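The next block holds one structure in the form of structure tokens; read it before the comments.
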Amino acid sequence: MEWLSTENIVAIGTAVLGVVASGVMVWYERRVPRRKRIGYRVQMDNPIGDDVRSGRANVRLGLFDADMDDATLVLLRVENDGSQSIDRDDYTGPEPHGLTAVFTDRTIRGVSVTQPTDIDHLMDHFTAQRGFGYEGNRLRIPRVPLNPGDHYKLLVMLSGGDVGAEIRLRGGLRDGEVHPNRSATPDDMPPVFSLPARIFTGLLTLSVLALAGIVVFRDGNPIECETGEVTAIGSTAFEPVIETLAKSYERKCAGAEIHVETRGSEAGVAELAALADRSKPSARNVIAFSDGPLGDRLGLKGKKVALSVFTLVVNDGLDLGPDGLSVRQVRDIYQGRYKRWGEVLPTGTTDKATADLPIVLVSRSDSSGTRQVFQDRVLGEWEQAQSTSLDCRPPRGTVTAVTRCELAGTNDVLDKVAEQPGALGYSELSVAAGHKGLRTVPLDGDRADVDEIERGAGTYPYRDIEYAYTYGTPSDDSLTAGFLAYLDKESSRQVIRTRGQLPCGTPVGLRLCVDLSPSGV
């Protein structure tokens, strides 16, 4: 199965990993009791006496009482680093105070409280009545309410013990925790997410980036190149795409030669079928591209490549309005019921010169797939009348019948419509859109617009599937199979899309190509 490739397995695996990682992170954030958090960190722990015991005598010069020659100063920062506010009732200890700071092996001699100037109200809580005080090596801290990001600092003077001895903050919070913070600099803000949350988020990000890299650069790996010669024949409407992709394949794959010889869809599939009758080995090196399923009735193997959109075109001097022509009007025109444009357009919408313009139908030959699709999807019958003009010009004098002519290629039709006043023809949309001297014609008010068709808007009828036909299923190691596989590469789909067709290999293209019922007169 094509979808069970290494690329797709890796892509699906990374996507699943990303989803699992995000799910674990959500579970962790919702289940682990850490929504209310008080963090603490020691921002300073310095000696202020002789500090002889630590071997650093006279670290700071000064005069001290005899029992303060081993004094130290500690600056302790306490902060709400969680996502929710903390009230007095959130502290869970049985004592009147909320937290207890324990200074191992040291005795507290004094404490001072500081806080940012914009939260002066915190000072009101540091009173003896609310449990603020110290005894021995324990400092009692009141139940201070803290909004997210609020903090206060305690400057504590101690004696005895050593600098760097353990300092712990004890206490409990309902649906939360008290924990030490580790910050590189004294006043850094604590991280918004916990370490596990950051790990899971990073894992998710890497997974998404890996998946995006696979999608974007999957064509950056060497394609499975095959050597030899292949001839692409058939649709002139699809020729720009074939030419572009053939040259691209040849650049990437040395030893591959792809010749493009388009003479029309009907002629192409007929030529391939005839070649298969004469020489089956030769037929296996030919791909016939067809506008519509013309090769099915000849027993050829068809591959859906793209959804092609076609359009009627008129000479630029003829303005048919925003609604264009109705399908009924088009059928009447091609059945010969009208000879001049004034008979088609509503009275009063055109000047006399436009109304008197003879209708000139510039058609493709009966071997054209574009013509076949036009007959199937718009006319609903064969375009039966034969050519009445070799140069696509109406006769001089009285016009007794609609003028008709047939030309071999798409560009021939567009050039003639642009040259001849009153001319009406048809073409593949992307080729017509870049041609000067003509206008595209909406049908029943629906424009020939690839984007609208892709969105599912409107019921524009003049469209069909572009097929690639081969004689049987080509062998895997043949250039025929290699080039057909190349049509499904993402870079090839982009070429098809920029040329005005919708590749059948994309999810939207697949739906449109499947939904489009087989044509048939």
Side-chain angles (χ1 to χ4, degrees), residues 1-14 210-262 268-269 271-272 275-276 279-290 295 300-308 465-499 501-507 509-510 513:
M1 293 181 289
E2 290 186 3
W3 66 270
L4 200 59
S5 63
T6 302
E7 291 177 338
N8 290 343
I9 291 175
V10 174
I12 294 172
T14 53
L211 181 59
I214 290 172
V215 172
V216 173
F217 299 110
R218 64 189 301 172
D219 283 332
N221 296 326
I223 63 176
E224 296 180 2
C225 291
E226 304 294 345
T227 59
E229 293 188 24
V230 161
T231 301
I233 59 178
S235 170
T236 59
F238 205 58
E239 180 181 7
V241 173
I242 305 171
E243 287 275 11
T244 301
L245 296 182
K247 292 178 181 178
S248 176
Y249 190 93
E250 289 176 340
R251 286 195 303 268
K252 294 180 179 182
C253 299
E257 295 184 26
I258 302 173
H259 310 285
V260 180
E261 302 173 3
T262 56
V269 295
E271 181 180 340
L272 176 57
L275 182 60
S279 173
K280 291 179 174 56
S282 298
R284 298 188 189 281
N285 297 323
V286 175
I287 304 174
F289 290 88
S290 168
L300 301 176
K301 180 73 173 180
K303 171 186 174 67
K304 294 180 180 180
V305 177
L307 179 71
S308 291
I465 297 170
E466 190 72 31
Y467 287 83
Y469 283 104
T470 57
Y471 174 68
T473 302
S475 61
D476 293 339
D477 59 349
S478 66
L479 179 55
T480 301
F483 186 61
L484 289 176
Y486 185 61
L487 298 179
D488 288 331
K489 301 291 284 184
E490 185 62 31
S491 58
S492 299
R493 292 174 185 171
Q494 290 297 325
V495 171
I496 294 173
R497 186 64 178 79
T498 55
R499 292 289 183 175
Q501 286 101 356
L502 295 173
C504 289
T506 64
L510 178 62
C513 291

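Model, not experiment: these values are computed from the prediction.
For the residue pair A254 and T227, the shortest heavy atom distance occurs at O-CG2, 3.6 Å. Pairing each heavy atom of I287 with each of A468, the nearest pair is CG2-CB, 4.0 Å. For the pair Y249 and G482, the tightest heavy-atom approach, listed with the atom from each and the gap, is CE1-O, 3.8 Å. In this structure, A246 and V260 approach most closely via the heavy-atom pair CB-CG2, 4.2 Å. Closest approach of A283 to L275, counting heavy atoms only: CA-CD2, 3.7 Å. The two atoms that bring A306 and C513 nearest to each other are C-SG, 4.3 Å, heavy atoms only.
With sequence neighbours excluded, the residues satisfying side-chain contact (heavy atoms from CB on, under 4.5 Å) with K301 are T470, T473. Listed by chain and number, the residues in a ring-ring contact (aromatic ring centres under 6.0 Å, His included) with Y469 are Y467 (sequence neighbours excluded). Residues satisfying the side-chain hydrogen bond (donor to acceptor under 3.5 Å, both in side chains) test with Q494, not counting sequence neighbours, are E490. When the side-chain hydrogen bond (donor to acceptor under 3.5 Å, both in side chains) test is applied to T236, the partners found at least two apart in sequence or on another chain are R364, T410. For R284, the salt bridge (charged side-chain N to carboxylate O under 4.0 Å, His left out) criterion is met by no residue, not counting sequence neighbours. Partners of E271 under the salt bridge (charged side-chain N to carboxylate O under 4.0 Å, His left out) rule, at least two apart in sequence or in another chain, are R263. For S279, the side-chain contact (heavy atoms from CB on, under 4.5 Å) test picks out P281, S282, with sequence neighbours left out. In terms of the side-chain contact (heavy atoms from CB on, under 4.5 Å) criterion, residue partners of S478 (sequence neighbours excluded) are, by chain and number, P474, S475, T480, A481. Residues passing the side-chain contact (heavy atoms from CB on, under 4.5 Å) test with T244, sequence neighbours excluded: V495, R499. When the side-chain hydrogen bond (donor to acceptor under 3.5 Å, both in side chains) test is applied to T231, no partner is found at least two apart in sequence or on another chain. Under the rule for a side-chain hydrogen bond (donor to acceptor under 3.5 Å, both in side chains), the partners of E229 that lie at least two apart in sequence or sit in another chain are H259.
To the nearest 0.5 Å, atoms CD1 (I258) and CG (N285) are separated by 11.5 Å. The distance from atom OG1 of T262 to atom CD1 of I242, rounded to the nearest 0.5 Å, is 6.5 Å. Note that CG of L245 is 8.0 Å distant from OG of S491, once rounded to the nearest 0.5 Å. Put simply, CG on L307 and CD1 on I496 are 11.0 Å apart, with the number rounded to the nearest 0.5 Å.
Looking only at distances, no side-chain donor or acceptor of S308 sits under 3.5 Å from a matching main-chain atom of E466. Proximity of a side-chain donor or acceptor of R493 to a complementary backbone N or O of L487 within less than 3.5 Å is not detected.
Between F483 and E250 there is no side-chain heavy-atom pair separated by less than 4.5 Å. Between F238 and V305, some side-chain heavy-atom pair lies under the 4.5 Å cut-off. Residues C253 and Y486 fail the side-chain proximity criterion, which asks for heavy atoms closer than 4.5 Å.
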